[in-house]
Amino acid sequence: MTPLDILRNTFGYQHFRGEQENIINHILAGGDALVLMPTGGGKSLCYQIPALIRPGVAIVISPLISLMQDQVSALQQFGIRAAFLNSSLTLDEARLVSRQLRQGELDLLYIAPERLMTTRFLDFLDTAQIALFAIDEAHCVSQWGHDFRTDYAQLSILHQRFPSIPRIALTATADDPTRRDIITHLGLDKAKIFIAGFNRPNIRYRVVQKKNVRRQLLNFLEEEGYHGDAGIIYCLSRKKVEETADWLKKQGWPALPYHAGLESEVRKQNQTRFLHEEGVIIVATIAFGMGIDKPNVRFVAHLDLPKSLEAYYQETGRAGRDGLPANAWMAYGLQDVVLLRRMMEQSDANEQHKRIERHKLESMLAYCELTTCRRQALLEYFNDHLDKPCGNCDTCLEPVETWDGTEAAQKALSCIYRTGQRFGVHYLIDVLLGKDNPRIKALKHEQLSTFGIGQELNETQWHSVFRQLIARGFATVDLEGYGSLQLAEKARPLLRGEQRISLRKDIKQKAKLKNKKYNRSSRQTFVGNDKILWENLRSKRLELANSQNVPPYVIFHDSTLDEMVQQRPQTLEQFAKLSGVGSSKLERYGQIFLEVLDAHSLEYGNETVIKTTTPDFDNILSNTAQTTLEAFNQGLSPEQIAEQRQLKLSTIYDHLSQAIETGKLELSQVIQLSETEIHEIEDKLLERPIEEQHILKPIFEAFEGHYDYGILKCVRAHLWR
Ligand code: ADP
Ligand code: ZN
C-alpha cells in the first residue's frame, strides 16, 4: 500500500496537505525529520502513515498522559492497532499492552517519556522491531518554552542506542532558539527540517478595546451564535477564571473553570467534559491547552493579554483545527499594558532574560495596536510571509483609521512631566481636560500650563492616546504599582517636535454594530430542515461516542457531518466518499448514519434547504455555484440556467447570491432594482437580529410578495458582502 492508499482507505481523506507526503516518504526512506507545523496542520499523519507501512511498532513519545487515551481511541476508530503505556493504566492493563507489544500486535504505541527511559523498557526495545520513533511536542526539550520537561532532555539516548531507526520530531513552536534546542538535545543534526507555512486561514483574528469586558464577551458569543459550540477563554489569574466561569454559567453558557489551583480530579473531570461533550466552554489560565486536539473548538477568547505572540499564536491555534471557520477574539486595554509592563519590570530574571521578555512584550503590544492586517504581522513575526492583506482579520474587515496624534501626544507627555511623573492616567486626563477636581486644587495643578489644554478630545480619546503612548514605549509605568507614568527616553524627540506620531482611531462599539457583516460568523450553519438533520446526526454521534466513552469527534468530525447534510448520501458507496470516512468507519457507522439520513428524508424529503452559505475564507464558491456563475457570465438568464441544469430557480438564485456575497458578481448584474428599492429591502433586513437574517419569509411577507425570494437573497448577499 502506498501512503496515498492508506490516506484514502484508512483515514478517508482524498489528498495530502502541504508537506505531509514528502515527510512521510522521507521517513519511509529511513531518514530523520524535524517537522515544524502549526497546530491543526496535520502532524499526526506524518508518523501514523509510516507506522502502518514500516514493519514493527512505532513508538510515539508524548508528554500528555491525559490525552493519550483519546489519541489512541481515535486511531482505533480508524481500525488501527494502537495502545498506550503510562501511569494511568492499571497493572493488568499495562500487562496486556506489553503482551500485545511482544507479540507484534501493535502498529503504534504511545508512551510517556519517563516510562520509555526505564531500563526495562529500553531493554525490551532492543529485542523488538521498531518502525520509528516519533517525538511529539518536541519543544518540551527546550528550556526556552514554558513546557520544558526534564525527561525530554534525555531523549537523545534514542539516537545513541537505536541509530538506524528513523526519528521524527514534531512541534508547532517554531522560533529559532527552540528549534536549535530540539536539534541539539535530540541529536537531530542530520535530520531534514520541514517547515510548513504558519498561516491558519480559517481563524479570524480580532482585538477589541476593553470596555466592559464581560458584556463584550457575551456580545461576541451571542453575535457569533456560539450556543452549542465549544470554546476556550483565557484569563491571567485563577480568581478571574473562576469568576468568569461562574458568571457565564449564570448567563446560561455551559462554562467550566480550569487552572493549576484546582484539585486534579476536578481538572481532569472538566477537561474530559470539554472533550467528550458538545458545546462546553472552558475558562482557563494558560495551564490548559497543550495537546488539546479537539478539532471543533470554534473560538479562543483572551480576556487578558498573553505575554508574547508565541503564546498568543499557540493559544489561538487551538481554535478551528478542523479547518472550519473559527474566531480568535481578544479584549485589550490600558490596564493590560500597565499590568504587563509592570510585571516584566518587577521580574527578578537576569538582564538578558528580561531583555528578551521585553522584546516579546513590545511585539505583543505592537500587534494589539496594529492598523494593518494582523495576519500579515503575525506571520512576519514567525518569519513567514503573506503577500496580500488577509481579508479575514478585524483590521482587514474594517480598516482602522489613523490620525496625526503628534500634538495630542506632546500634550499628554508634557502633562506627565509637569505633574512630576507621579500620577496615573485618570489624574492626567483630568488635568488635561481642566476638571474641577479637589486633588488638582490641593496640588495647585490648575496653575500648570497643561491644565485644561486638552479639551479638543474627550476622556475616552485621551485614554486611547495614553494607551498607545505606553504600548509604544513613549511612557513607562512605575514599578511600585501605583500606576503612575514616567517619560521614557524615546519621548524626547516627540516632545521636541522632531518626530511625528500617527495614532489609531479606536473603533466605537456602536459604529461596529451597524456593520452587520463584520459581526456575523463566517461559519456555515444550517437552517430549517437542514438544521434538524444536523442536530439529529450530531446526537447520534454523541450517543455512539458516549457508549464507547470516546469524544464525539473521534467518531466523525463536524466537517463530515456537514457533508452528510449537504450531500445526502443514500448508499454506503456514496457514504464512503465523504471526507473522513475510511473503511473502518464506513463499516462501523455507515449504516447507522444512513438510517438517520433516511428517516429524515422520509419526513422532510431530500431537498437541502437554503443554507446560509457565507463566503468562505478562501472566497471559493462551491463547484455547483461556480457552474451556475459560469453559465450566467456566458449570458444565460437565471431561468435558462435552471432549465439547462435541471435545478430549481431558487437554487440558481442561491448560487448567484453566493457569487454576489463573495464579490464575484455585482448586485446590479443580477437584478434590476432602483437604489431606493434596494435600500428599502436592506432596511427591512437590518431591522432583524443578525441570527434571523437568514430567514427571509418575514421580509417576503412585509413586502406582501412584491419582491420574490431570489431578489431578496441577492440583496441580502449584497448587504452581507
Ligand atoms: P496537528 O497535530 O498538526 O495539530 P492533527 O494531526 O491533529 O494536527 O490534524 C489536524 C486535523 O486535520 C485532524 O483532525 C486530522 O484528521 C485532519 N487532517 C490531517 N491531514 C489531513 C488531510 N490530508 N486531509 C484531511 N484532513 C486531514
Ligand atoms: Zn488581515
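As the structure lists them, so they are numbered: ligands from 1, and atoms in each ligand from 1. Along the sequence shown, residues are numbered consecutively beginning with 1.
- Side-chain rings of Tyr589 and Phe575 stay apart, their centers remaining 6.0 Å or farther from each other.
- The protein non-hydrogen atom at the shortest distance from atom 14 (O) of ligand 1 is His557 CE1, 2.6 Å.
- Using the six-membered ring where Trp is involved, Phe299 and Phe220 have ring planes that are perpendicular, over 60° apart on the 30 and 60° scheme.
- Here is the list of ligand 1 atoms found below 4.0 Å of a heavy atom in His15: 22 (C), 23 (N), 24 (N).
- Looking only at protein heavy atoms, the nearest one to atom 15 (C) of ligand 1 is Tyr13 OH, 3.8 Å.
- Between Arg298 and Asp322 there is a salt bridge, with a side-chain nitrogen of the basic residue lying less than 4.0 Å from a carboxylate oxygen of the acidic one.
- The pair Arg467-Glu369 counts as a salt bridge, with a side-chain nitrogen and a carboxylate oxygen less than 4.0 angstrom apart.
- Ligand-side atoms of ligand 1 in range of Pro38: 3 (O), range being under 4.0 angstrom from any heavy atom.
- Taking the six-membered ring wherever Trp is involved, the centroid distance between the rings of His139 and Tyr152 does not fall below 6.0 Å.
- Residue Leu45 approaches ligand 1 through these ligand atoms, each under 4.0 Å from one of its heavy atoms: 19 (C), 20 (N), 21 (C).
- For ligand 1, the atoms lying closer than 4.0 Å to a non-hydrogen atom of Phe16 are 23 (N).
- One finds no salt bridge joining Arg179 and Asp181 here, because no Lys/Arg side-chain nitrogen approaches an Asp/Glu carboxylate oxygen to under 4.0 Å.
- On a distance-only criterion, Thr39 and ligand 1 share no N/O pair closer than 3.5 Å.
- For Met37, no nitrogen or oxygen atom sits less than 3.5 Å from a nitrogen or oxygen atom of ligand 1, counting backbone and side chain alike.
- The aromatic rings of Phe198 and Tyr313 sit tilted, their planes meeting at an angle between 30° and 60°.
- Looking from atom 12 (O) of ligand 1 to the surrounding protein, the closest heavy atom is Arg17 NH1, 3.2 Å.
- The pair Asp32-Lys192 does not meet the salt-bridge criterion, since no charged nitrogen lies less than 4.0 angstrom from a carboxylate oxygen.
- Taking the charged nitrogens against the carboxylate oxygens, Glu278 and Arg541 do have a contact shorter than 4.0 Å, which makes a salt bridge.
- If you check which protein heavy atom lies closest to atom 11 (C) of ligand 1, you get Arg321 O, 3.8 Å.
- Rounding to the nearest 10°, we obtain 120° for the angle at the Zn ion (ligand 2) between Cys396 SG and Cys390 SG.
- Regarding atom 20 (N) of ligand 1, its nearest protein heavy-atom neighbour is Gln20 NE2, 2.9 Å.
- Atom 5 (P) of ligand 1 has its closest protein heavy atom at Ser44 OG, 3.5 Å.
- Ligand 1 has an N or O atom lying under 3.5 Å from an N or O atom of Gly42, backbone or side chain.
- Protein heavy atom closest to atom 1 (P) of ligand 1, with residue, atom name and distance, is Gly40 N, 3.5 Å.
- Gln548 and Gln77 form a side-chain donor-acceptor contact under 3.5 Å, judged by distance and modelled atom types alone.
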